[in-house]
**Q** 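Sharing a structure, written as structure tokens. Questions coming.
Note that the coordinates shown come from a computational prediction; the quantities given were computed from them, not determined experimentally. In what follows, every heavy atom counts, from backbone to side chain, and hydrogens, waters and symmetry copies are set aside. In the text below, chain A, chain B and the rest are named by the order of the sequence lines, each starting its count at 1.
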Amino acid sequence: MELPVYLDNASTTPLDPRVADAMVRCLRSRDGFGNPSTDTHELGRKAQAQVEAARDQVAALINATGGEIIWTSGATESDNLALIGAASYRRVRGRHLVTSATEHKAVLSTCRHLEQQGFRVTYLEPDRNGLIAPKAVKAAIASDTILVSIMHANNEIGVVQDVAGIGAVCREADVLFHVDAAQSAGRLPLDVQRQCIDLLSVTAHKLYGPKGIGALFLNRQRLRRIEPLMHGGAQERGLRPGTLPTHQIVGMGEAFELAARAMDQDTARIASLRDRLWDGIRTVPGVTLNGHPQRRLCSILCVSVGGVEGESLIFGLRDLAVTSGAACNSATDEPSYVLRSLGRSDQLAHSSIRFSLGRFTTSEEVDFAAASFRQAVDHLHGMLPDRHAIATG
Amino acid sequence: MELPVYLDNASTTPLDPRVADAMVRCLRSRDGFGNPSTDTHELGRKAQAQVEAARDQVAALINATGGEIIWTSGATESDNLALIGAASYRRVRGRHLVTSATEHKAVLSTCRHLEQQGFRVTYLEPDRNGLIAPKAVKAAIASDTILVSIMHANNEIGVVQDVAGIGAVCREADVLFHVDAAQSAGRLPLDVQRQCIDLLSVTAHKLYGPKGIGALFLNRQRLRRIEPLMHGGAQERGLRPGTLPTHQIVGMGEAFELAARAMDQDTARIASLRDRLWDGIRTVPGVTLNGHPQRRLCSILCVSVGGVEGESLIFGLRDLAVTSGAACNSATDEPSYVLRSLGRSDQLAHSSIRFSLGRFTTSEEVDFAAASFRQAVDHLHGMLPDRHAIATG
Amino acid sequence: MEYSPEVERYFREPVNLGSAESLAPHQIQGEAGSVERGTWIIIQARVEAGQLEAVRFLAYGCPHTIAACCRTTEKLAGAPVGELLNFAPDWLTDELTIPVEKAGKLLILQDALRECFDGWQTGAREHNGNYVDR
Amino acid sequence: MEYSPEVERYFREPVNLGSAESLAPHQIQGEAGSVERGTWIIIQARVEAGQLEAVRFLAYGCPHTIAACCRTTEKLAGAPVGELLNFAPDWLTDELTIPVEKAGKLLILQDALRECFDGWQTGAREHNGNYVDR
Ligand SMILES: Cc1ncc(COP(=O)(O)O)c(C=O)c1O
Ligand SMILES: Cc1ncc(COP(=O)(O)O)c(C=O)c1O
């Protein structure tokens with residue numbers, strides 16, 4: 001077991017060696033380096049063929065077609081392109097958007113930007129388990145609503161939204177529906193048809209693929225086009241200019257195909273490790289689980305601890321690579337807005353630890369993590385001026 | 001010698017094997033996969049250290065500091081971020097931009113977009129050799145001009161602009177100066193200080209690095225900030241959100257460092273191959289050189305051929321991987337706007353061939369290319385209804 | 001752009017390539033298009049007893065145009081001169097796999113063939129029976 | 001966040017860790033901060049003959065705060081009780097390499113030390129000489 005134990009898969013995953021192999025093949029071979037947008041020579045066409053094959057691999061995981069996939073640099077860009085692109089394109093129809101207060105910053109900050117551009121945004125507050133009810137979405141839709149953006153699985157607490165339910169509400173109201181599936185793709189079944197999704201953001205590096213490549217699914221039947229974020233060459237049908245990074249795309253395709261094949265097995269194994277971890281720490285004084293106890297991703301376990309200062313907690317967990325509420329917005333030292341919107345106190349938001357497990361996590365690592373956690377919390381509780389603070393924290 | 005002979009380095013370059021090695025090391029090692037924006041655990045910090053080292057490598061090539069480098073997904077994004085970001089940020093000061101008619105589409109299309117946003121853009125026409133005189137820039141600068149964007153070396157014809165001269169004009173007028181150096185970085189000396197450059201766009205895949213990673217240099221002394229194109233996490237000081245792709249950045253850093261070391265030797269060798277190629281084809285009936293005969297990049301040789309249809313010419317050159325005017329905008333079948341703005345006829349623009357040489361081009365390949373070219377042109381001239389068309393074409 | 005093996009073969013080894021003098025005397029000629037239009041075709045034929053004895057072409061054009069000229073001149077050889085008017089772009093499109101965006105170029109070929117026929121008719125009128133026997 | 005080896009050592013093995021009862025009797029105590037404020041410190045001391053015979057702390061706080069409590073209590077042990085007022089954040093900042101953004105937390109420690117001294121003074125007045133001999 002190598003230290004630190006990596007339990008930060010929700011931040012980014014290790015590259016699957018099979019993905020690395022596919023990328024390295026592409027990086028090292030003469031057939032890989034041509035410009036995939038060049039169709040006047042063989043080397044361009046060979047690269048293009050790889051790009052198109054990967055498009056189908058990504059599309060397959062979400063029940064879309066290759067022609068509906070736009071390559072981007074990651075989920076941040078996909079989120080921006082979806083929201084700014086669709087809102088700008090549809091602005092004549094209306095200027096209202098609906099989202100939730102627990103979205104990723106790539107959605108929230110983009111919404112703030114759109115507000116400055118004259119759009120109105122409703123930020124739905126989740127219940128204390130982190131859930132947004134489809135009927136809350138329905139109630140928020142106004143006559144000038146053009147887009148709803150709700151994430152599938154939350155990156156901090158792993159809570160899974162009722163995407164199909166919300167999709168049905170949006171479709172009925174004829175409002176576009178964007179889903180940030182950066183965390184859920186490959187971990188939960190996704191079906192853009194059945195779930196009535198019009199735009200969907202994914203990224204490779206959360207699914208054992210490379211960083212710096214993502215995709216936006218665009219339902220061509222429902223939305224002819226969107227405004228591009230960037231301007232330049234004619235790549236991606238004019239929606240996303242710039243030379244396509246073949247090796248990155250090949251890596252993402254491979255990662256998504258592997259995920260499709262392994263999903264059932266992977267998620268069962270990872271969920272059982274997550275439960276084992278929870279069993280190992282749930283009795284620690286002051287520990288509470290964040291987010292809905294059942295409707296959650298297999299891979300994320302987010303807890304808060306009463307009577308423990310966040311920075312000291314994460315420092316005490318130096319042998320674990322985890323994310324903490326204390327470090328979430330380390331620049332501002334502001335505790336997680338996600339936990340705050342579940343009604344957690346600042347202290348509990350600050351002392352939260354997100355364990356996120358992955359394909360390469362072992363039970364030995366999980367046991368080590370539980371022991372480290374117990375020890376770190378005990379150590380800090382031992383210094384506490386008043387033990388009552390553990391419960392009231 | 002493998003066919004097709006690759007003479008399309010201005011479109012994209014093969015990956016240098018040393019760059020591939022650096023990337024593969026990063027892709028396969030445990031020290032490479034952490035999220036470089038995570039500083040709460042060692043694996044994040046190790047990735048971060050690699051990112052910062054690469055920042056310095058890129059900065060060194062242009063005489064900047066690491067803190068002035070913003071990672072992007074390529075030169076297209078850099079160009080967009082520079083123009084939209086600076087123009088939006090400075091819009092209170094003025095709404096006029098100056099650029100040239102022979103810029104890359106990433107600049108031109110972005111300027112068109114800015115025009116729709118209420119900016120005014122002057123598109124300077126080059127002389128018939130493709131040059132923009134600094135005094136033409138000076139004359140175009142108005143009291144409300146906020147930004148001048150002129151590329152360093154043109155991607156089609158290789159003409160090199162007097163960047164220092166234009167920089168001096170801009171600095172004197174207190175106007176921001178953006179340079180698209182996608183083609184020139186590593187092929188021509190660049191010094192953002194001496195050349196008075198405020199913003200500079202580069203990309204790795206034109207310099208034997210990976211596709212999908214680029215950078216924008218932002219002169220922090222002259223411009224405190226710019227508006228971001230995308231919204232999300234706090235990466236890149238809030239100017240460019242999204243998880244940083246460590247392996248890509250490592251590849252770009254390595255490519256730029258190698259280029260810095262090899263520049264003099266590489267450019268001399270490549271220039272002599274280019275001259276050898278020109279000597280091999282200049283006597284072919286109807287051949288003319290596009291762009292200034294001296295002020296040109298070592299690596300690009302762009303010619304037009306009278307009395308030859310462009311698509312047939314490129315088809316006749318199937319054993320060469322080159323770019324042709326006929327394929328430039330293959331979607332629209334419109335001949336190159338760059339050659340058109342040098343005053344070339346549609347026919348000559350359409351029958352242009354860009355040979356672009358690189359670090360891995362051999363003299364054997366160059367000789368083969370010259371022979372192929374001669375043969376292809378002869379073949380087509382032999383079918384021509386009237387030989388006079390060769391000269392008048 | 002995709003090119004079928006037939007197009008590639010004709011491009012590489014064009015058949016019935018002519019020259020301004022190749023078929024004289026007894027030659028008729030039709031010309032259409034121009035360099036500016038991107039396609040420029042000359043069709044030449046020698047007519048004997050109302051038959052196209054030999055058909056040649058010269059062309060400035062894309063590979064599909066060149067292949068179309070080859071195949072058309074092949075097919076016309078030995079046919080009655082009236083066949084110059086029966087040019088069927090669809091047949092060529094199928095036979096050579098020519099993409100739809102090239103349809104305009106085939107129309108130029110059609111014009112050249114028609115002009116060729118017109119030239120024959122004019123010639124036939126002028127010289128009365130010199131080339132014709134219908 | 002960067003932590004110096006000193007901070008790391010004190011965090012791992014805190015010295016002078018106290019408890020509500022540890023120094024009774026002859027105990028003075030100062031408290032400052034709160035969980036809500038992110039830092040909460042209790043300083044306890046036993047004073048004999050005007051000397052700080054033993055100094056202990058309890059803390060809810062970041063690693064720098066914990067290390068600062070350790071180092072400060074170490075330094076105060078054996079010192080005249082008046083030293084409680086001579087707390088010098090700069091010295092700690094240097095000695096432990098505490099980043100500037102943590103300055104606010106050191107002020108809470110300073111407050112706790114000051115309250116401790118005040119407690120002694122009050123106690124000294126009330127009990128007149130029970131703990132003091134100045
Ligand atoms: C839910 C969610 N959306 C968007 C992103 C942004 O992804 P990327 O880093 O690929 O831009 C992340 C991860 O950082 C995420 O968890
Ligand atoms: C001059 C110039 N600018 C910008 C670009 C765009 O670069 P990228 O493909 O990295 O976005 C290119 C190349 O395509 C170029 O040659």
**Q** Name the member of Val322(B), Ile84(B), Thr38(B), Asp79(B) that forms the most heavy-atom pairs with chain A at distances under 4.5 Å.
**A**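 Option with the greatest count: Val322(B).
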
**Q** Find the distance between CZ (Arg30(B)) and CG (Leu15(A)) and round it off to the nearest 0.5 Å.
**A** 14.5 Å

**Q** When you compare the side chains of Arg318(B) and Thr40(A), does any donor N or O come within less than 3.5 Å of an acceptor on the partner?
**A** no

**Q** If I measure from the heavy atoms of chain A, does Val107(B) come under 4.5 Å with its side chain, its backbone, both, or neither?
**A**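 Neither part.
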
**Q** Do the side-chain N and O atoms of Arg240(A) and Ser73(B) include a donor-acceptor pair separated by under 3.5 angstrom?
**A** yes

**Q** Flag the one option from Ala106(B), Ala20(B), Gly74(B), Pro14(B) with the top tally of heavy-atom pairs under 4.5 Å to chain A.
**A** Pro14(B)

**Q** Got a second to check how far Thr243(B)'s OG1 is from Ile213(A)'s CD1, nearest 0.5 Å?
**A**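 Thr243(B) atom OG1 to Ile213(A) atom CD1 measures 13.0 Å (nearest 0.5 Å).
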
**Q** Select one option (side chain, backbone, both, neither) describing which atoms of Arg237(B) are under 4.5 Å from chain A's heavy atoms.
**A**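 Contact with chain A: none, neither part.
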
**Q** Calculate, to the nearest 0.5 Å, the distance between atoms CG and CZ belonging to Asn9(A) and Phe33(B) respectively.
**A**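 Reported to 0.5 Å precision, the distance equals 7.0 Å.
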
**Q** Is the His113(B) ring parallel, tilted or perpendicular to the His231(A) ring (thresholds 30°, 60°)?
**A**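 Because their plane-to-plane angle is under 30°, the rings of His113(B) and His231(A) count as parallel.
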
**Q** Is it the case that the side chain of Lys211(B) and the backbone of Gly242(A) share a donor-acceptor pair, with hydrogens and angles ignored and the cut-off at 3.5 Å?
**A** no

**Q** Are Gln248(B) and Gln248(A) close enough that some pair of their side-chain heavy atoms sits under 4.5 Å apart?
**A** yes

**Q** Kindly compute the distance separating CG (Leu81(A)) from CG (Leu229(B)), expressed to the nearest 0.5 Å.
**A**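 Rounded to the nearest 0.5 Å, the CG-CG separation comes out at 11.5 Å.
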
**Q** Between Pro228(B) and chain A, which part of the residue has a heavy atom less than 4.5 Å away: side chain, backbone, both or neither?
**A** neither

**Q** For Met230(A), does its backbone N or O pair with a side-chain atom of Asn80(B) as donor and acceptor, under 3.5 Å?
**A** no

